Undergrad: 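First, the structure itself, so that you have it in front of you.
All values derive from a computational prediction rather than experimental measurement. Counting starts at 1 for both ligands and their atoms, following the listed order.
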Amino acid sequence: MFSTKNHHIIPSQFYCHQECSNTMILSYFFDSISSLWLQLNNVDYEITVVLFTVSLLVLAGAWTAWISKNTPPLPPGPRGLPLVGNLPFLDPELHKCFQTLAQAYGPIVRLQLGTKVGVVISSPAAAREVLRDNDATFANRDVPELAMDAVAKGHSDIVFSPHGPGWQMLRKVCVREVLGTATLESVYGLRRREIRNTVRYLHSQVGSPVNVGEHMFLTALNAITSMLWGVTMKEEERTRIGVDFRVAVAEAMELLGKPNLSDFFPGLAWFDLQGLKKQMMGLVGRFNKIFDAITDRGLGLDGGKESRDFLQVLLQLKNEGDAKTPLTMTQLKVLFMDMVLGGTETTSNAIEFAMAEMMNKPEILKKAQQELDTVVGKDSIVEESHINKLPYLNAILKEVLRLHPVLPLMVPHCPSQTCIIGGYTIPKGARVFINIWAIHRDPLIWENPAEFHPERFLDGKLGFRGGDFSYFPFGSGRRMCAGIAMAERMFLFSLASILHSFEWKLPEGEELDLSEKFGIVLKKRVPLVAIPTPRLSNPALYD
Ligand code: HEM
């Protein structure tokens, strides 16, 4: 029965000649099926079944071949070992390791990370395809195993919430209500109080070496917790809670930064082989206790105070409970968490790198101080209202986030469906790293990319809003940083204050080390230790 028509010819054409048209292939198979059915009545039943099965198999094979012929390949990448893939060969300095891989394999590299596919994006064109052209598809996160439970219960924070109404609501509350210009302005006094405390403390240390990063971390943490609940809680209570909180945040960052086998072999997650999940559960319990103490205090207030902190803004929002922002107590707590985790180390590490780069090039430091002396004067102190009048300091912020982007691989994205990027197939569920560190140092884009040169940003053409994919330290698209406004203010106000108030020098015999240490948040390998000496006209300006 297969001797008629082209049964022997067409399959070989199909497999051998690429140019065979898809329409021909499909019409051939529909013909085959219909002719088979027409003849069913005339032949032996068993033979018919066998032939029918063979025909289906051929159809399936042809379909697979058609699909694979029409599906672009996976991106190129290094060979790995069975089971573990490329994991054993990845250098812990991942941002540099990924840059080297991009030099060998191109701007889109595939990795096998245990059972997971990883994809590294290292060019502006590919980043634009991911974050702009396919923004909705890539708006999900590859959720680490340690955050899975929270996501499954709908208790997740903004960073790991899946793209959807829950995430949208949290983000709206965070960006518009809490970190919007009006609320940020209203808590200026709380920010200022903490920065003045730091200046006062540094003044008490004049002539002695201080750990710049550590003090900037404490300043950022105190400023953020002060904005969060600094009106609600009295200073003494706030300091006590701040200490517990600081320890818990440091443990959470360390835990999240540890490579977790369960992320690479989700099948093993149930066994929690490294005990990380257990540790995380303990930590969640501690955070809950801290937040309960704070929110209980907030709930006890009558809300009639003139000055308000974020806690009071959020509790009011929760109590008003409009249908669009049905904020729960758990969501309120996770918002706090995002602000503390997202806003402390990022800002303080950027300030530490900026100070180190400037001390390495004293002419830049002098120029920044001269600008401050012109705008603020030596008989006065820096206020946040000055920061828009300091173009050189703003250029320093941009340049430090170019050279040392504090989230060098951003927060991994995850496509919700298989899609094509740069001519390659990116499978659904892949872990997509965007190597902004490599893009920000690409010699095809930047002149002398390794050099700290704030002047390159003085023309004001490049901004932070992710519109240009050669420079996007806060990400781009719908998952870009939710705290840009706060980060800008905190960085500029803190750096301006310590540069304006003090001269800085290295301890005798010390050498400046500018090297980086990879982590979710990039940090200086060797902490910057420097000696402050006063430079303002009147000691009262340090009170
Ligand atoms: C110098 C300081 C900072 C830098 C360089 C920075 C950078 C980033 C980057 C690169 C992302 C990931 C974007 C993506 O994956 O597409 C991100 C996400 C985020 N950042 Fe920041 N950030 C900073 C400060 C802050 C501050 C101060 C806050 C809050 C107070 C904050 C809150 C967040 C949140 C909530 C997300 C997750 C957004 C989402 O998934 O929708 N960040 N940040």
Undergrad: Quick test: of every protein heavy atom, which one is nearest to atom 13 (C) of ligand 1, and how far off is it to 0.1 Å?
TA: Arg479 O, 3.3 Å
Undergrad: Are a donor atom and an acceptor atom from the side chains of Glu447 and His453 found within less than 3.5 Å of each other?
TA: no
Undergrad: Whether Asp135 and Arg479 form a salt bridge (side-chain N of Lys/Arg under 4.0 Å from carboxylate O of Asp/Glu) is what I want to check.
TA: no
Undergrad: If we only count N/O pairs under 3.5 Å, is Thr346 in contact with ligand 1?
TA: no
Undergrad: Hey, is Val411 touching ligand 1 through its side chain, its backbone, both or neither, going by heavy atoms under 4.0 Å?
TA: both
Undergrad: Measure Met490 to ligand 1 on non-hydrogen atoms and call it side chain, backbone, both or neither using the 4.0 Å cut-off.
TA: neither
Undergrad: Note the single closest protein heavy atom to atom 25 (C) of ligand 1, along with its residue, its atom name and the distance in Å.
TA: Gly342 O, 3.1 Å
Undergrad: Would you verify whether the NZ or CZ of Arg402 falls within 45 degrees of the ring axis of Trp446 while also being under 6.0 Å from that six-membered ring's centre?
TA: yes
Undergrad: So is Thr347 polar-close to ligand 1, meaning N/O to N/O under 3.5 Å?
TA: no
Undergrad: N/O of Ser476 under 3.5 Å from N/O of ligand 1, yes or no?
TA: no
Undergrad: Quick one: do Arg525 and Glu93 make a salt bridge, cutoff under 4.0 Å?
TA: yes
Undergrad: Please write down residue, atom name and distance for the protein heavy atom closest to atom 21 (Fe) of ligand 1.
TA: Cys481 SG, 2.3 Å
Undergrad: Could you find the nearest protein heavy atom to atom 27 (C) of ligand 1 and give me its residue, atom name and distance?
TA: Gly343 CA, 3.3 Å
Undergrad: How does Trp167 reach ligand 1, if at all, at less than 4.0 Å between non-hydrogen atoms: by side chain, backbone, both, or neither?
TA: side chain
Undergrad: Does Arg193, at its CZ atom, have more than 12 non-hydrogen atoms belonging to other residues, nucleotides or ligands within less than 6.0 Å?
TA: yes
Undergrad: Look at Lys172 together with Glu177 and state whether they make a salt bridge at an N to O cut-off of under 4.0 Å.
TA: no
Undergrad: Is there a donor-acceptor contact under 3.5 Å from the side chain of Arg110 to the main chain of Pro75?
TA: yes
Undergrad: So which heavy atom in the protein is nearest atom 6 (C) of ligand 1, and how far is it from that ligand atom?
TA: Phe474 CD2, 3.5 Å
Undergrad: Where on Leu407 is there a heavy atom closer than 4.0 Å to ligand 1, on the side chain, on the backbone, on both, or on neither?
TA: side chain
Undergrad: Can you confirm, on distance only, whether ligand 1 has an N/O atom lying under 3.5 Å from any N/O atom belonging to Arg478?
TA: no
Undergrad: Tell me whether Lys398 forms a cation-pi arrangement with Phe464, defined as NZ or CZ under 6.0 Å from the six-membered ring centre and within 45 degrees of its axis.
TA: yes
Undergrad: If you measure every N/O of Asp338 against every N/O of ligand 1, is any gap under 3.5 Å?
TA: no
Undergrad: Are side-chain N/O atoms of His95 and Glu516 paired as donor and acceptor at under 3.5 Å?
TA: yes
